[in-house]
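In what follows, a structure is listed as structure tokens, so that the remarks can point back to it.
Just so it is clear, the structure is predicted and the values come from calculations on it, not from any experiment. Worth knowing before you read on, the calculation uses all heavy atoms, side chains too, and leaves out hydrogens, waters and symmetry mates.
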Amino acid sequence: MLEVRDLTLRYGQSQVLHGINLTAKAGEVTAVMGMNGVGKTSLMKAIAGRHPFHGGSIRLGERDLGHPTAAEAARAGIAYVPQGREIFPRLTVTENIESGFACLPRAERRVPPRIYDLFPVLREMHGRRGGDLSGGQQQQLAIARALVTKPRVLLLDEPTEGIQPSIIKEIGRVIATLRDEGEMALILVEQYFDFAVEAADRVYAIRGGHVAFESAARDLDRNRLLREIAL
């Protein structure tokens with residue numbers, strides 16, 4: 001279980017997150033929703049160690065991670081698939097995946113066959129440069145690179161952005177597979193309302209840097225959620 005408690009974050013003098021509380025359990029998808037600019041990506045970056053936060057705590061299981069750097073978060077088992085993917089355009093598909101090895105012990109630095117079972121297109125294109133792939137293929141590559149680190153928590157920031165519908169279905173299938181395996185917690189930041197709600201076990205709506213609404217998916221009031229994220 002990942003627990004975020006009372007997390008606050010600033011950019012200079014501007015406070016972006018105000019005491020965020022969030023829990024994500026293994027075997028579940030936790031969706032974080034809201035309008036642009038409300039702090040969703042900032043929250044993901046804080047959890048992933050990409051941006052320092054000023055108050056609060058992040059716990060993974062029984063371990064208090066303190067204020068982790070990106071490397072410390074990765075070694076603890078937090079993998080981040082950023083908005084925009086951040087693949088290396090001049091490296092091959094295989095080399096992009098292998099770039100995730102940095103946080104692993106040398107003995108574990110290999111690409112498991114399961115990665116290619118989840119994303120068959122990457123096996124077919126293993127020698128192609130990342131920059132030659134379509135946007136949907138690059139998104140699959142970014143997720144594969146995160147999974148090679150064997151994460152306990154997988155952070156997905158806008159995985160459907162700019163992606164063709166067929167690839168969105170494939171990404172949804174992979175998310176469902178990872179959830180059902182029960183070995184990791186998945187946190188999904190997503191603007192595509194139906195995709196997020198259908199994938200989620202728990203939903204958080206953020207407005208103005210605060211959690212405005214939280215619900216288990218089975219009890220979700222979709223109309224209230226729409227109001228919260230549209231304000």
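- No continuous path of ILVMFWY side-chain contacts below 4.5 Å connects Phe195 to Val32, so the two sit in separate hydrophobic clusters.
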message = For a salt bridge (charged side-chain N to carboxylate O under 4.0 Å, His left out) check, start with the C-alpha distance between Arg227 and Asp221, then their side-chain angles and the critical distance, and finish with the verdict.
response = CA-CA 10 Å; Arg227 289 195 302 271; Asp221 181 337; 5.0 Å; no
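- Between Leu22 and Val211, every side-chain heavy-atom pair lies at or beyond the 4.5 Å cut-off.
- The line from OG of Ser57 to CG of Leu65 is 9.5 Å long, rounded to the nearest 0.5 Å.
- The shortest heavy-atom contact between Leu9 and Ala46 is CD1-CB, 3.8 Å.
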ask   = Can you check side chain to side chain contact (heavy atoms under 4.5 Å, CB included) on Val189 and Tyr204, steps first, answer last?
value = CA-CA 10 Å; Val189 166; Tyr204 288 80; over 6 Å; no
Worked check of side chain to side chain contact (heavy atoms under 4.5 Å, CB included) between Tyr80 and Leu156 = CA-CA 6 Å; Tyr80 179 46; Leu156 298 164; over 6 Å; no
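- The closest side-chain heavy-atom distance from Val93 to Glu124 is not below 4.5 Å.
- Taking 4.5 Å as the limit, some side-chain heavy atom of Asp6 sits within range of a side-chain heavy atom of Asn21.
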ask   = Please walk me through it: do Thr30 and Leu186 pass side chain to side chain contact (heavy atoms under 4.5 Å, CB included)?
value = CA-CA 6 Å; Thr30 301; Leu186 296 98; over 6 Å; no
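- Linking ILVMFWY residues whenever their side-chain heavy atoms come closer than 4.5 Å, directly or via other members, places Leu154 and Leu104 in the same cluster.
- Residues meeting the ring pair (Phe, Tyr, Trp, His ring centres under 6.0 Å) test with His67, sequence neighbours left out: Phe53.
- With sequence neighbours left out, the side chain to side chain donor-acceptor pair (under 3.5 Å) criterion links Glu158 to no other residue.
- Heavy atoms only, all atoms of each residue included: Ala76 and Leu60 are closest at O-CD2, 3.3 Å.
- Residues Leu188 and Leu220 do not share a hydrophobic cluster, clusters being chains of Ile/Leu/Val/Met/Phe/Trp/Tyr side chains in contact below 4.5 Å.
- Residues Leu225 and Ala205 share a closest heavy-atom pair of CD1-CB, 3.8 Å.
- Contact between Glu228 and Phe213 at its shortest, heavy atoms only, is CG-CB, 3.8 Å.
- The shortest side-chain heavy-atom distance between Arg59 and Leu2 does not fall under the 4.5 Å cut-off.
- In this structure, the side chains of Phe193 and Ile229 come closer than 4.5 Å at one or more pairs of heavy atoms.
- Gln191 and Glu161 share no donor-acceptor pair across their side chains, judged by distance under 3.5 Å alone.
- Salt bridge annotation for Glu28-Arg179: absent, with no cationic side-chain nitrogen under 4.0 angstrom from a carboxylate oxygen.
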message = Checking Met35 against Arg207 for the side chain to side chain contact (heavy atoms under 4.5 Å, CB included) test, could you report, in this order, the C-alpha distance in whole Å, the side-chain angles of both residues, the deciding distance, and whether it holds?
response = CA-CA 7 Å; Met35 298 285 285; Arg207 186 175 70 241; over 6 Å; no
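- Atom CD1 of Ile175 sits about 9.0 Å away from atom OG1 of Thr160, to the nearest 0.5 Å.
- Nearest heavy-atom pair across Ala31 and Ala196 is CB-O, 4.2 Å.
- A distance-only check finds no donor-acceptor pair linking the side chain of Glu170 to the backbone of Ile167 [under 3.5 Å].
- If you take CD on Glu95 and CZ on Arg145, they are separated by 13.0 Å, rounding to the nearest 0.5 Å.
- For Pro151 against Ala146, the heavy-atom pair with the smallest separation is CD-O, 3.7 Å.
- Contact check for Ile87 versus Gln139: no side-chain heavy atoms found under the 4.5 Å cut-off.
- Taken to the nearest 0.5 Å, the CG atom of Asp157 stands 3.5 Å off from the OG1 atom of Thr41.
- Without hydrogens or angle criteria, Arg114 side chain to Val111 main chain gives no donor-acceptor distance under 3.5 Å.
- Using a 4.0 Å cut-off between charged nitrogen and carboxylate oxygen, Asp132 and Arg90 do not count as a salt-bridge pair.
- Atom NE2 in His126 sits 9.0 Å away from atom OG1 in Thr92 (nearest 0.5 Å).
- Under the 4.5 Å side-chain contact rule for hydrophobic residues, Leu122 and Ile168 share a cluster.
- By the 4.5 Å heavy-atom criterion applied to side chains, Met33 and Tyr192 are not counted as neighbours.
- Defined by atom type and a distance below 3.5 Å, a donor-acceptor pair is present between the side-chain atoms of Thr23 and Arg5.
- Between His51 and Tyr11, the angle of the ring planes goes over 60°, which puts this pair in the perpendicular group of the 30/60° scheme.
- Taking 4.5 Å as the limit, some side-chain heavy atom of Pro112 sits within range of a side-chain heavy atom of Val148.
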query = salt bridge (charged side-chain N to carboxylate O under 4.0 Å, His left out) between Glu198 and Lys169: does it pass, once the steps are laid out?
reply = CA-CA 12 Å; Glu198 289 170 12; Lys169 289 181 180 179; over 6 Å; no
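- The pair Asp117-Arg123 counts as a salt bridge, with a side-chain nitrogen and a carboxylate oxygen less than 4.0 angstrom apart.
- Separating the CD atom in Glu108 from the SG atom in Cys103 is a distance of 9.5 Å, to the nearest 0.5 Å.
- A continuous path of hydrophobic side-chain contacts links Val29 to Ile143 [ILVMFWY only; heavy atoms under 4.5 Å].
- The main-chain N or O of Gly136 is never found under 3.5 Å from a side-chain atom of Arg85 such that the two would form a donor-acceptor pair.
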Full working for side chain to side chain donor-acceptor pair (under 3.5 Å) between Gln15 and Thr8 = CA-CA 7 Å; Gln15 187 162 338; Thr8 62; 4.9 Å; no
